[in-house]
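As structure tokens, the structure follows; a few thoughts come after it.
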Amino acid sequence: MSDLRVGIIGVGIMGAGHARYLTEHVDGAVVTALFDLDGPRMDSLAKELSAKSGAAINQHASVEALVSDANVDAVIICSPDGLHPEHLTLSINAGKHTLCEKPLAPKSADAKKVAELANASNLNITLGFMRRFDPSYIEMKKEIESGKYGKVLHLRCISRNVSSPTATTAMLLTNVAVHEVDIARWLLGEEFVSMSTVAMKRTKYANDQLQDPLTVLAHTESGVLMTVDIAANSTYGYEVRMEALMENGSLEIDNLGGLSISYDFNLPPRTHGKLYENWMGRFEQAYINELTAWVGSIKTGVRHPDLATANDGLASSIACEMGVASLK
Ligand SMILES: NC(=O)c1ccc[n+]([C@@H]2O[C@H](COP(=O)([O-])OP(=O)(O)OC[C@H]3O[C@@H](n4cnc5c(N)ncnc54)[C@H](O)[C@@H]3O)[C@@H](O)[C@H]2O)c1
């Protein structure tokens with residue numbers, strides 16, 4: 001079967017990352033079109049990709065032009081969060097399979113509309129919740145489901161960015177904690193019924209619109225508590241950690257992606273190393289695995305069961321909106 005021809009909307013950190021992963025690491029796909037408001041950025045990426053793949057790359061002047069390009073079979077949306085509903089709607093209406101970066105929408109009403117459109121289409125619409133494809137989360141899910149450690153009681157998460165000059169407090173929920181919401185739903189198979197936040201002493205690096213650090217508290221239907229300690233301006237490194245405290249043990253994903261199991265009085269070996277600067281280093285393999293699953297699903301017509309759906313995007317938007325409402 002010929003290569004899946006992919007067009008990318010928004011070629012900042014994520015769009016350029018997906019373009020490079022597709023070109024260098026994913027079989028059966030080729031980038032054939034780009035659109036970004038930043039012309040020089042788009043041009044430089046187009047030249048880089050075409051030198052690597054040998055493919056001609058159409059540089060478009062609008063989202064509408066990219067989604068209606070006959071040389072595009074599937075679209076990846078990496079524009080800013082608030083534009084996802086509009087860009088995904090255009091892509092679905094043009095009949096294109098689409099991987100939309102998270103979140104589906106910062107507001108659940110917008111997420112609901114676009115999820116309905118996605119569900120009514122016969123297209124592969126996927127949300128960019130790539131932690132589902134990270135080896136450590138896959139292993140944690142297997143251990144939880146083994147039944148060896150009893151039930152999950154508490155998910156204790158840490159999420160730290162080096163610097164977030166333009167973040168707002170609401171974005172810590174809709175843009176950051178949305179990842180923890182999705183991975184917790186995937187690990188537990190449950191929805192969240194509440195979300196609130198606790199503030200603390202602010203770092204001097206927080207802008208005026210931002211309460212940083214912030215702790216998020218959320219309960220699932222069965223009563224599991226998830227806490228997410230977010231620091232958007234850690235200065236020292238990027239960290240994503242998660243501990244599942246269970247009835248008979250503790251499963252912990254560390255900042256470098258190792259899974260440690262404390263069980264039956266036995267401590268796991270300690271890990272150490274240099275922290276990543278951002279998500280691109282820590283989750284590189286997860287992005288590549290996610291893209292491989294998405295391309296494979298479109299080509300075979302059989303959806304990979306771990307790809308996040310529009311309904312998953314909607315559920316995480318609904319949960320995070322409860323957190324945003326609690327800020328008022
Ligand atoms: N899955 C993940 O782990 C992950 C990680 C980081 C970011 N993201 C998501 O990816 C998306 C992009 O994030 P980023 O870090 O690449 O941001 P970025 O700021 O680096 O890139 C965004 C790009 O979109 C372009 N853009 C702005 N308005 C546009 C428009 N109307 N049409 C087309 N392009 C437009 C900008 O010029 C820029 O190049 C966000 O929604 C973010 O939440 C996901």
Side-chain angles (χ1 to χ4, degrees), residues 7-21 33-46 48 58-67 69 75-91 98-107 110-111 114 126-134 136-137 157 159-168 170-183 186 230 232 238-240 257 276-291 293-294 306-308 312-313 316-317 320:
I8 302 184
I9 300 168
V11 296
I13 298 177
M14 282 311 301
H18 283 312
R20 292 185 182 115
Y21 295 144
L34 302 176
F35 169 58
D36 197 296
L37 292 181
D38 184 331
R41 182 178 285 173
M42 169 165 68
D43 189 49
S44 132
L45 184 67
E48 176 194 322
N58 297 331
Q59 296 186 46
H60 288 288
S62 68
V63 173
E64 288 84 347
L66 181 137
V67 298
D69 184 336
V75 171
I76 299 182
I77 297 174
C78 298
S79 49
D81 297 4
L83 298 173
H84 293 178
E86 178 193 332
H87 292 174
L88 184 52
T89 299
L90 287 167
S91 188
T98 310
L99 191 163
C100 179
E101 261 312 330
K102 44 61 59 174
L104 181 55
K107 293 208 161 72
D110 298 332
V114 72
T126 291
L127 263 288
F129 287 120
M130 80 300 175
R131 289 188 196 176
R132 295 161 172 240
F133 291 89
D134 179 75
S136 60
Y137 288 95
C157 313
S159 177
R160 296 188 183 146
N161 272 346
V162 174
S163 166
S164 306
T166 57
T168 63
M171 282 169 67
L172 298 190
L173 296 153
T174 61
N175 179 281
V176 178
V178 70
H179 267 307
E180 272 74 22
V181 168
D182 181 71
I183 203 67
W186 182 73
I230 303 175
Y238 175 77
E239 292 207 73
V240 167
Y276 293 103
E277 282 173 26
N278 65 22
W279 48 95
M280 298 307 273
R282 165 65 182 86
F283 288 108
E284 180 176 77
Q285 196 56 53
Y287 293 123
I288 293 169
N289 294 347
E290 175 187 62
L291 287 167
W294 180 65
D306 290 327
L307 287 171
D312 290 317
S316 58
S317 291
C320 293

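Remember, it's 1-based here, ligands and their atoms both numbered in the order they're listed. Values below: all heavy atoms of this structure, side chains included; hydrogens, waters and symmetry mates excluded. The shown structure was predicted, so the numbers you read here are calculated from the model rather than taken from an experiment.
- In terms of protein heavy atoms, atom 15 (O) of ligand 1 is closest to Ile13 CB, 3.9 Å.
- Remark: Asp69 engages no residue in a salt bridge (charged side-chain N to carboxylate O under 4.0 Å, His left out) (not counting sequence neighbours).
- Using a distance-only test at 3.5 Å, with no hydrogens or angles considered, a donor-acceptor pair links the side chain of Asp36 to the main chain of Val11.
- Proximity of a side-chain donor or acceptor of His179 to a complementary backbone N or O of Phe129 within less than 3.5 Å is not detected.
- At least one heavy atom of His179 sits less than 4.0 Å from an atom of ligand 1.
- The closest approach between any non-hydrogen atom of His84 and ligand 1 is below 4.0 Å.
- For atom 22 (C) of ligand 1, the closest non-hydrogen atom of the protein is Cys78 O, 3.8 Å.
- With hydrogens and angles ignored, the 3.5 Å screen pairs a side-chain donor or acceptor of Asp38 with a backbone N or O of Arg41.
- Side chain of Arg132 to backbone of Asp306: a donor-acceptor contact under 3.5 angstrom is found.
- Close approach of ligand 1 to Gly128 is summarised as follows: ligand atoms under 4.0 Å from at least one heavy atom of the residue are 1 (N).
- At least one side-chain heavy atom of Arg131 sits less than 4.5 Å from a side-chain heavy atom of Val240.
- The two residues Gln59 and Ala46 make their nearest non-hydrogen contact at NE2-CB, 3.5 Å.
- For atom 20 (O) of ligand 1, the protein comes within 4.0 Å by at least one heavy atom.
- Under the 30°/60° scheme for interplanar angles, the aromatic rings of Phe283 and Tyr238 are found to stand perpendicular.
- Atoms of ligand 1 lying under 4.0 Å from at least one heavy atom of Asn175, given by number and element, are 43 (O).
- Protein heavy atom nearest atom 28 (N) of ligand 1, with residue, atom name and distance: Leu37 CD1, 3.5 Å.
- In this structure a side-chain-to-backbone donor-acceptor pair under 3.5 Å is missing from Ser316 to Val181.
- With a 4.0 Å heavy-atom cut-off, ligand 1 is reached by the side chain of Met130 but not by its N, CA, C or O.
- Ligand 1 lies nowhere less than 4.0 angstrom from a heavy atom belonging to Phe283.
- A heavy-atom distance below 4.5 Å is found between the side chains of Lys102 and Asn175.
- Nearest to atom 9 (C) of ligand 1 among the protein's heavy atoms is Lys102 O, 3.6 Å.
- Residues Lys107 and Ser317 are not in side-chain contact: their nearest non-hydrogen atoms beyond the backbone lie 4.5 Å or more apart.
- Applying the 4.0 Å criterion to heavy atoms of Asp81 picks out, from ligand 1, the atoms 40 (C), 41 (O), 42 (C), 43 (O).
- Formation of a donor-acceptor pair under 3.5 Å by the Asn289 side chain with backbone atoms of Phe133 is found in this model.
- The N/O atoms of Asp38, backbone and side chain alike, include none that comes under 3.5 Å of an N/O atom in ligand 1.
- When hydrogens are left out, the protein atom nearest atom 6 (C) of ligand 1 is Trp279 NE1, 3.3 Å; that is the closest non-hydrogen contact.
- Contacts between Glu101 and ligand 1 below 4.0 angstrom, taking non-hydrogen atoms only, involve the side chain exclusively.
- Summarising the contacts of atom 11 (C) of ligand 1 with Ser79, Gly82, Gly15, Pro103, the nearest heavy atom is found in Ser79.
- Nearest to atom 3 (O) of ligand 1 by heavy atom, out of Tyr287, Phe35, Phe129, is Tyr287.
- Summary of contacts: the protein heavy atom closest to atom 38 (C) of ligand 1 is Arg41 NH1, 3.2 Å.
- Interface atoms of ligand 1 facing His87, defined by a heavy-atom separation under 4.0 Å, are 30 (C), 31 (N), 32 (N).
- The protein heavy atom nearest to atom 36 (C) of ligand 1 is Asp36 OD1, 3.5 Å.
- Atoms of ligand 1 found under 4.0 Å from any heavy atom of Leu83, numbered from 1 in the order shown, are 28 (N), 29 (C), 30 (C), 31 (N).
- Leu99 has its side chain within reach of Leu291: a pair of non-hydrogen atoms, C-beta onward, lies under 4.5 Å apart.
- Protein heavy atom closest to atom 4 (C) of ligand 1, with residue, atom name and distance, is Met14 SD, 3.7 Å.
- Looking at Pro80 next to ligand 1, no N or O pair under 3.5 Å apart turns up.
- With Ser91 contributing its side chain and His87 its backbone, the two residues share no donor-acceptor pair below 3.5 Å.
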